[in-house]
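Quick notes on the structure that follows.
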Amino acid sequence: MDDIVDCIQTNVDRIRDDIIRMLEGEKIRIKLSGFATERIELNTREQIISAMVILGFLSYYNNYISIPNNELKMKFADSLANKKFGKVAEIVKQSNEMLNATLDKDTDTMEQILREAHSLYTPVLKYNDENSLSCVITLVYLTALDDYRIMREQKSGEGFADFIFYPKKKNDIAFIIELKVNDTPDNAIAQIKKRNYIQTLKDYTGEKLLIGITYDSKDKKHEVKIEEL
């Protein structure tokens, strides 16, 4: 794992970017062949990913790779929090504060963390605004993996919710996050209700929060609204 972390750190062929996308729950398409445990090399993206598959850090099926379980997600999250990762590590370190602010419904603090994280993150990965915001959300909530099962683009109701946070204890706070670019938090929350994303939380007995997060690409401004279900 130490060798692989070094490869992620140097972002060989954007390995770090792949890891962040898989932490979101995304499956990455890649074709692997011809690698075996007796001759593992870590020079190219394909070799590094093959090594992670061979060593059990990633699963590989039908030309797609993914992080197979929550425990390994936490291991990768811990790796990204290492100060060697520079700006990414700075964002991850704010994730405890972000979760606490969310549970306290402190939208001012949430907006501040998002603004700082997004400004740090944008030069790191060159995605469009929507993908960038989604990846920032993944990073600022990484430590929530200790207490939550986080699902990205989860099928629920009449569509796919951006993020659903299922607490490991059913009486803890559960919440749904809907993201919008160049829109309003009210519209984001309205979509959660209209498409009935909340039905996926019916078995959870604790407080339930609906969260709309928006990003204005012109003014570089984030807005957060939280509504109790």
Distance, nearest 0.5 Å, that separates [atom1] of [X] from [atom2] of [Y]:
{"X": "K225", "Y": "I211", "atom1": "NZ", "atom2": "CD1", "value": "13.0 Å"}
{"X": "R21", "Y": "I65", "atom1": "CZ", "atom2": "CD1", "value": "9.0 Å"}
{"X": "L72", "Y": "L58", "atom1": "CG", "atom2": "CG", "value": "8.0 Å"}
{"X": "R16", "Y": "I19", "atom1": "CZ", "atom2": "CD1", "value": "11.0 Å"}
{"X": "I150", "Y": "K73", "atom1": "CD1", "atom2": "NZ", "value": "7.5 Å"}
{"X": "L133", "Y": "T138", "atom1": "CG", "atom2": "OG1", "value": "9.5 Å"}

> Closest heavy-atom contact between L99 and Y141?
Replying inline: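 Here L99 and Y141 meet closest at CA-CE2, 4.2 Å.
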> Where is the tightest heavy-atom contact between K218 and N182, given as atom of each residue plus distance?
Replying inline: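 Minimum heavy-atom separation between K218 and N182: N-OD1, 4.4 Å.
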With no hydrogens and no angle check, is any side-chain donor or acceptor of [X] less than 3.5 Å from a backbone partner on [Y]?
{"X": "D172", "Y": "P167", "result": "no"}
{"X": "E97", "Y": "Q94", "result": "no"}
{"X": "S95", "Y": "V92", "result": "yes"}

> So, do K168 and R149 sit near enough that their side-chain heavy atoms are less than 4.5 Å apart?
Replying inline: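 Side chain of K168 against side chain of R149, heavy atoms only: no contact under 4.5 Å found.
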>> A side-chain contact here means heavy atoms from C-beta on lying under 4.5 Å apart; do C7 and Q47 qualify?
In response: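 Heavy-atom side-chain distance check fails, nothing below 4.5 Å.
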> Between K27 and Y61, does a side chain to side chain contact (heavy atoms under 4.5 Å, CB included) hold up when you go through it step by step?
Replying inline: CA-CA 10 Å; K27 294 182 179 180; Y61 181 71; over 6 Å; no
>> If we check ring-ring contact (aromatic ring centres under 6.0 Å, His included) with Y148, which of these qualifies: Y166, Y204, F175?
In response: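 Among Y166, Y204, F175, the one meeting ring-ring contact (aromatic ring centres under 6.0 Å, His included) with Y148 is F175.
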> Are any of the side-chain nitrogens in E178 or R195 under 4.0 Å away from the carboxylate oxygens of its partner?
Replying inline: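 Answer for the salt bridge query: no.
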>> Evaluate T205 against N171 for side chain to side chain donor-acceptor pair (under 3.5 Å), listing each step before the verdict.
In response: CA-CA 5 Å; T205 58; N171 60 343; 5.6 Å; no
>> Testing the 3.5 Å rule here: is there a donor-acceptor pair between the side chains of T214 and D183?
In response: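 On atom types as modelled, these side chains do not qualify, holding no pair under 3.5 Å.
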> Do E116 and Q112 get their side chains close enough for a donor-acceptor pair, meaning under 3.5 Å?
Replying inline: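 Note: E116 and Q112 side chains meet the donor-acceptor criterion.
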> For K194, does the NZ atom have more than 12 heavy-atom neighbours from other residues, nucleotides or ligands under 6.0 Å away?
Replying inline: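 Not buried by this count: 12 neighbours or fewer within 6.0 Å.
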